[in-house]
Amino acid sequence: MASFERFDDMCDLRLKPKILRNLLSEYVPNEKQPLVNFQSLSNVVSTISTHKLLSEDQKLQAKSKSAVDEWVERLLALVSSDMPDKSWVGIVLMGVTCQECSSDRFFSSYSVWFNSLLSHVKNPESSRIVRVASCTSISDLLTRLSRFANTKKDAVSHAAKVILPVIKLLEEDSSETVWEAIVHLLSTIVILFPAAFHNSYDQVEAAIASKIFSAKTSSRMLKKLAHFLALLPKANKGDTASWSLMMQRLLISINVHLITFLQGLEEETIGIKAIKRLAPPGKDAPLPLGGQDGSLEDAAWNSEQLMVSRVSALMYCSSIMLTSSYKCKLNIPVASLLSLVERVLAVNGSLPSAMSPFMTGIQQELVCAELPTLHSSALELLRATIKSIRSQLLPYAASVVTLVNSYFKKCLLPELRIKLYTITKTLLKSMGVGMAMQLAKEVVSNASADLDPKAVEGSDVVSSTNPSLSNRAALKACSKKRKHSTNSGVEAENAAFEVGVPHNHSSSPISLKIAALEALETLLTTGGALGSSSWRERVDKLLMMTATNACQGRWANAEETCHYLPNKSTADLVEFQLAALRAFLASLVSPSRERPAFLAEGLELFQTGKLQGEMKVAGFCAHALMSLEVVIHPRALPLDGLPSLSDQFPQSNSLASLKHNTPNLNNGYARYGDDLSKEWSVNVDIPSNNETQRNVDSTLPLQEAKRLKRGNDLATVVSLSGQDHTDIVGSENVQQADVPTKKVSESPKESLGHVSGKDDMAPEEVYREIVSETEEGDGLEVKDSLMEEAVFDKKRESLGESDDDSIPSLKADDYLSSDSDIES
């Protein structure tokens, strides 16, 4: 019987050679076997990457090396095959091998592998799929080769061998699939080995520019070509002069195309002045990118759509150049960039009166159809300019603010308004409070319009302190009014409350709402402390109502969507709820002159979202509640630096000594003056009645503890002497307010809290009457009056006054005196 080898587990190193041989025999064909299934290659690649089958472990060096040798030999045979499908399989798996094999094997074999792959790029008879796969595998090989520091010169030499063949292939082949593979390979070389372009820089630039200005290039391919063109200055010495020359040529080419495109919509001198501004002092302007005029290769293709696509690609290239990192300092032509953006955004399609006879209606229609794309590219260029120089934009801040504010007033398309909000966020983050003061008015007014102010104002009619309760009340009112259709106008207005849909909802997509909320959040974060009452109160109210409406009806945890955003998926609802909640949290925690007006609504909303919302929403609501803790309990100060109580009263741990000897904890918070802060000042840091009773019993004699029970201002549990049961009674103040009681004597003994036996034997019916009246509806009023009188009594005690009709609170000295001293 044959013996079978057993393995320890799935991580056993002896498994790797066997799995690799199995893959080689089942999925990788040889010269005689046909290719079974192309889709099986994904399984092969996944298995090799998961188990690291090409790593060649040292413990099993002989078996691992032999298995990998067989693998490499099979792949080299496939790469050199005349059949395109088998050659393609070998080239693809060779790229995986370059990434996964051991360092020793790669270092000893990369030159052979490189030459075998490059031969397919040079061979004009190779199929397109083989050439595309060869470019991709060469890119993987050069990426792995860049990790070896001792092969830098050899790596640059190998990379230089690739450039001219792929440029020739780019010029000859018309397939964008091949173009994309070539651009990817050239981008890898310019990032890893920029010195390889020294002898072929001009040829590469001319080839890329010709494809950008070609009428046969698609918009998707234009973006990839423009991205590579933005990286090309790194290959030309990589200094400031190379970058500046490329930027000048791009801007000149853009202005040249705009002269043709905007002919009849602007003055002719504007474009000429823009080109002259780009010329160095005392020198002629450099040639534009793509030749003398950078025009299309065929005048018949010189249409408005193609011109705008080329200008957009060049603007995208300029944006990448502005935001990419360089080792040297750059001289950015800020004035020329801003003038270009202003020139584009100033054109809205309207014809000047003097130019009306020179442009037909069809020409104007074609131009207006492409203007949104051109404006979008100009806004992206403006944002890239702001990001590149940040606070150094200060000399041009006035021009930028004027440009943004003026475009806010005439921009109506949602896509452009989203980009404008993004620019606003970038400006606020870059320039700080000064920019916030200049942009606040325009941002608030536009965000209010995009967040449907009519719906917000209408909801405020029924929403006072509890939005959820008031909304439910409004829904009930609407359902009743539908039965009695006496006032159709009121019903139509209240219909918005019923489903929570604003009247102009269709004009504000969810992406625009999110952008407006993010802009308001950034405004509050940057300049909330200096926000004037004219817009801060308005923003706080707007964000509260927007967050409430976004979460109204149901949270984003079900398959159905919220009524506030009909026909939207759950993912869109989650993003909108997160944006609304983030902005609302910013309004609550942002510094202001007053206490947050909608703190209670925020706490209720975040608490509900923590329990009912989707996981992302619930996680943010939990974070929001933690952030609001400092707003809820501002008096919870650290105890470091406060005088120690044990130094003054070493034997006292009672509540009264803690309460009367730490006045700073209460005085700092009492200035808020509202009912909620009064409640906090009474309740915060006060132990429960049971805990207080245990402390009193452990520190005071029996009679002293009894006196503390009867003299407490808060509601206590009093044991009736001589009876077996206990009744809950109100405090002394409650008895004075509700039940006629016997006047307390002013004797020293009774003023300290002792009660006569006659009072101890009070009828049980009197106590039950007090409790019953409290339960019938006066509990809230009694509690409020009790708290107000308690705070008033404390203030009078601090001033040295006394009240004969109430029981005075205990002093710290009373706790240290004996029972006999008190009764004497």
Side-chain angles (χ1 to χ4, degrees), residues 408 414 417-418 420-421 424-425 428 436-437 439-468 470-471 474 496-497 500-505 507-553 562 564-565 573 575-606 609 620 624 628 631:
F408 253 129
R417 293 183 67 84
I418 291 173
L420 201 54
Y421 280 125
T424 302
K425 289 166 48 182
L428 293 174
M437 297 175 63
L439 294 177
K441 181 179 179 180
E442 205 67 37
V443 171
V444 171
S445 60
N446 283 273
S448 301
D450 292 329
L451 292 173
D452 305 306
K454 293 182 180 179
V456 174
E457 293 173 0
S459 298
D460 187 61
V461 175
V462 296
S463 177
S464 55
T465 58
N466 194 335
S468 60
S470 58
N471 288 332
F497 298 130
V501 179
H503 299 289
N504 56 345
H505 166 75
S507 62
S508 299
I510 184 173
S511 56
L512 180 58
K513 293 176 181 292
I514 293 175
L517 288 170
E518 291 176 350
L520 289 178
E521 179 187 359
T522 307
L523 177 63
L524 290 172
T525 304
T526 306
L530 299 180
S532 60
S533 57
S534 59
W535 65 263
R536 180 60 191 271
E537 182 180 356
R538 178 183 177 186
V539 169
D540 292 341
K541 180 180 178 181
L542 173 65
L543 294 178
M544 186 274 295
M545 295 305 301
T546 303
T548 303
N549 292 332
C551 304
Q552 182 181 354
C562 182
Y564 184 68
L565 295 170
L573 178 59
E575 295 300 325
F576 179 68
Q577 286 183 352
L578 285 175
L581 293 174
R582 279 196 297 263
F584 188 27
L585 177 62
S587 71
L588 294 178
V589 301
S590 178
S592 61
R593 299 182 179 91
E594 300 175 354
R595 180 175 171 272
F598 304 103
L599 180 59
E601 290 83 353
L603 292 176
E604 180 183 359
L605 189 63
F606 291 130
F620 177 79
L628 289 175
V631 182

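If you read the sequence from its start, that first residue is 1, and numbering goes on from there.
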With rounding to the nearest 0.5 angstrom, report the [atom1] to [atom2] distance, [X] to [Y].
{"X": "S448", "Y": "K541", "atom1": "OG", "atom2": "NZ", "result": "11.0 Å"}
{"X": "I514", "Y": "L578", "atom1": "CD1", "atom2": "CG", "result": "8.5 Å"}
{"X": "F584", "Y": "M545", "atom1": "CZ", "atom2": "CE", "result": "10.0 Å"}
{"X": "R417", "Y": "S511", "atom1": "CZ", "atom2": "OG", "result": "12.0 Å"}
{"X": "E518", "Y": "T525", "atom1": "CD", "atom2": "OG1", "result": "11.5 Å"}
{"X": "T548", "Y": "L543", "atom1": "OG1", "atom2": "CG", "result": "10.5 Å"}

For S587 and L520, run side chain to side chain contact (heavy atoms under 4.5 Å, CB included): C-alpha distance rounded to whole Å, both residues' side-chain angles, the deciding distance at 0.1 Å, then the answer. CA-CA 9 Å; S587 71; L520 289 178; over 6 Å; no
Of all the heavy-atom pairs spanning [X] and [Y], show the shortest one and how long it is.
{"X": "A586", "Y": "E521", "result": "CB-CG, 3.9 Å"}
{"X": "T546", "Y": "F576", "result": "CG2-CZ, 4.2 Å"}
{"X": "A583", "Y": "L517", "result": "CB-O, 3.8 Å"}
{"X": "R536", "Y": "L524", "result": "NE-CD2, 3.6 Å"}
{"X": "L428", "Y": "A519", "result": "CD1-O, 4.3 Å"}
{"X": "L581", "Y": "C551", "result": "CD2-SG, 4.2 Å"}

Show your reasoning for whether side chain to side chain contact (heavy atoms under 4.5 Å, CB included) applies to W535 and K441. CA-CA 7 Å; W535 65 263; K441 181 179 179 180; over 6 Å; no
Could you go through the side chain to side chain contact (heavy atoms under 4.5 Å, CB included) check for L585 and L628 one step at a time? CA-CA 8 Å; L585 177 62; L628 289 175; 4.0 Å; yes
Side chains of Q577 and L573 in contact at under 4.5 Å (non-hydrogen atoms):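 SC-SC contact between Q577 and L573 confirmed.
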Please name the residue in the list D450, N446, T522 that meets the side-chain hydrogen bond (donor to acceptor under 3.5 Å, both in side chains) test with Y421. D450
Stepwise side chain to side chain contact (heavy atoms under 4.5 Å, CB included) test for L588 and F606: CA-CA 12 Å; L588 294 178; F606 291 130; 4.0 Å; yes
